[in-house]
Amino acid sequence: MRFQTLLTSCLLSITLVSAASLSGRQVDIETQSLDELYQLALAEGGDLIVRAGGDEKNQQDGLVQAFKTQFPGINLNLTVDLSKYHDGIIDRNLNLTGKAGVDVTHLQTLHDFVRWKQECRLLAYKPAGWEQIDDSIKDVDGAYVGINYFMFANNFATAKTTKEEAPKEFTDYLDPKWKGKIVSTYPNDDDAVLFQFFKVVQAHGWEAIQQFIAQDIQWVRGTATPIAVMSQNNSRAVTFTTGTGFSDGSSGFFQQLPEDDFSHIIIWSQRAAIFETAEHPAAAKLYVNWLLSTERQAASGGWSVRNDVPQQSGLAPLSDFAGKLDPPAFERFMLDRALVERYKLQFEQLLGTAQGLSPLDDDL
Ligand SMILES: *[C@@H]1O[C@H](CO)[C@@H](O)[C@H](O)[C@H]1NC(C)=O
Ligand SMILES: *[C@@H]1O[C@H](CO)[C@@H](O)[C@H](O)[C@H]1NC(C)=O
Ligand SMILES: *[C@@H]1O[C@H](CO)[C@@H](O)[C@H](O)[C@H]1NC(C)=O
């Protein structure tokens with residue numbers, strides 16, 4: 001009923017073309033090549049404004065550099081901030097000016113995309129390769145699409161422990177030998193981390209959380225911060241609230257999956273969307289098509305969101321982890337804001353409010 005009302009008000013306020021697209025018809029998959037889209041983006045003026053979710057200012061430097069190298073003349077202005085703050089800025093822009101103030105956003109706050117679609121804020125658009133992307137991580141009408149899988153899993157500092165010794169199952173972290181050696185992001189500061197702890201509560205109960213807290217955890221803000229802490233000469237050796245990809249360990253960190261219990265591991269696909277009010281729609285389309293291109297997907301490592309791009313060599317296909325890794329589960333959690341709020345406050349009560357500077361400013 002509520003959705004119907006929103007959709008109706010939506011249909012009244014937007015153009016006929018978009019209205020048709022919102023009802024699930026008539027959005028053709030992009031057929032232009034990246035080079036054709038590039039020419040259109042240059043002709044449009046060459047500007048592109050993106051807001052990307054993340055917790056370190058330099059986190060997307062590699063992506064920006066790769067885009068600028070491939071598309072000289074497109075002035076990509078990409079701002080990294082916590083997804084939970086980007087969305088508020090965009091909402092205020094929409095309220096104050098009627099425009100999002102940004103062409104494309106990719107965020108962890110998956111519930112925003114569902115709401116923005118209902119509010120008719122998103123352009124219905126299907127980039128090239130659309131049919132290769134699993135239905136569970138894209139919008140049927142083309143309002144938003146998963147661009148990359150993110151995973152938080154067991155990570156350890158190779159200088160401090162070994163593959164064999166490092167904890168893999170959640171209960172391994174409760175072993176007294178890890179006391180004082182764990183660093184973890186506050187679950188009450190990041191909803192993805194909260195989902196990890198929520199799943200642990202479901203699987204092991206609150207007693208396990210109390211035992212974990214009693215392990216003298218170093219609690220930090222940001223999911224890249226555990227890596228920065230473990231790089232230092234200190235006792236902190238292990239974490240499960242970060243993702244380092246499946247590297248060979250030469251970076252000083254090694255990521256591994258559990259054998260049985262995946263309760264503390266999460267995976268989701270970061271969502272991207274183009275706003276209806278995008279002031280640089282051609283550049284926005286170029287950017288989204290490039291993110292989803294087979295070349296870019298293959299270069300990103302791990303599992304691709306495209307079925308026609310194989311996972312990183314040495315890694316089993318994602319479908320082999322059915323029942324253990326469940327990408328759509330995070331969206332269901334994020335959509336249940338009452339549940340999220342309740343758990344966030346449970347952890348705030350146990351741990352206190354998240355202490356420290358924003359992870360973007362903490363020099364860690
Ligand atoms: C890039 O975008 C940010 C946020 O929208 C804005 O504050 C900044 O001035 C822009 N930078 C340039 C060089 O346009
Ligand atoms: C902005 O927010 C105010 C207060 O909620 C609301 O009355 C107004 O309609 C909003 N304007 C737009 C353009 O969304
Ligand atoms: C690490 O810290 C310890 C204790 O402060 C010190 O003895 C040791 O020399 C340091 N190691 C390195 C490699 O800096």
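Every value quoted in this text rests on a predicted model; they were computed, and no experiment measured them. Counting begins at 1 with the first residue of the sequence.
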(message) Could you check whether Tyr125 and Glu30, counting side-chain N and O atoms only, form a donor-acceptor pair closer than 3.5 Å?
(response) yes
(request) Using distance alone, with no hydrogens and no angle criterion, decide if Tyr287 and His106 have a side-chain donor and acceptor under 3.5 Å apart. (result) yes
(message) If you define the side chain from C-beta out and look only at heavy atoms, does anything of Val145 sit under 4.5 Å from Asp139?
(response) no
(message) For the residue pair Ser250 / Asp248, report whether a side-chain donor-acceptor contact shorter than 3.5 Å exists.
(response) yes
(message) I'd like to know if the side chain of Lys160 pairs up with that of Asn233 as donor and acceptor (distance under 3.5 Å, no hydrogens or angles considered).
(response) no
(request) Assess the side chains of Tyr343 and Asn188: does a donor N or O sit below 3.5 Å from an acceptor N or O? (result) no
(request) Have a look at Phe347 and tell me which of Trp206, Tyr186, Phe195 forms a ring pair (Phe, Tyr, Trp, His ring centres under 6.0 Å) with it. (result) Trp206
(message) Under a plain distance cut-off of 3.5 Å, with no hydrogens placed, do Thr185 and Thr241 share a side-chain donor-acceptor pair?
(response) yes
(message) With heavy-atom distances below 4.5 Å as the criterion, would you say the side chains of Arg121 and Glu276 are in contact?
(response) no
(message) Can you confirm whether the side chains of Gln355 and Thr353 place a donor and an acceptor under 3.5 Å from each other?
(response) yes
(message) Using ring centroids (six-membered ring only for Trp), state whether Trp290 and Phe67 fall under 6.0 Å.
(response) yes
(request) Compare all side-chain heavy atoms of Leu78 with those of Leu63 and state whether any distance is below 4.5 angstrom. (result) yes
(request) Side-chain contact test, heavy atoms from C-beta onward, threshold under 4.5 Å: evaluate it for Leu335 versus Val114 and give yes or no. (result) yes
(message) Can you confirm whether the side chains of Asp91 and Trp116 place a donor and an acceptor under 3.5 Å from each other?
(response) yes
(message) Is a donor from one side chain sitting under 3.5 angstrom from an acceptor on the other, for Gln297 and Asp308?
(response) no
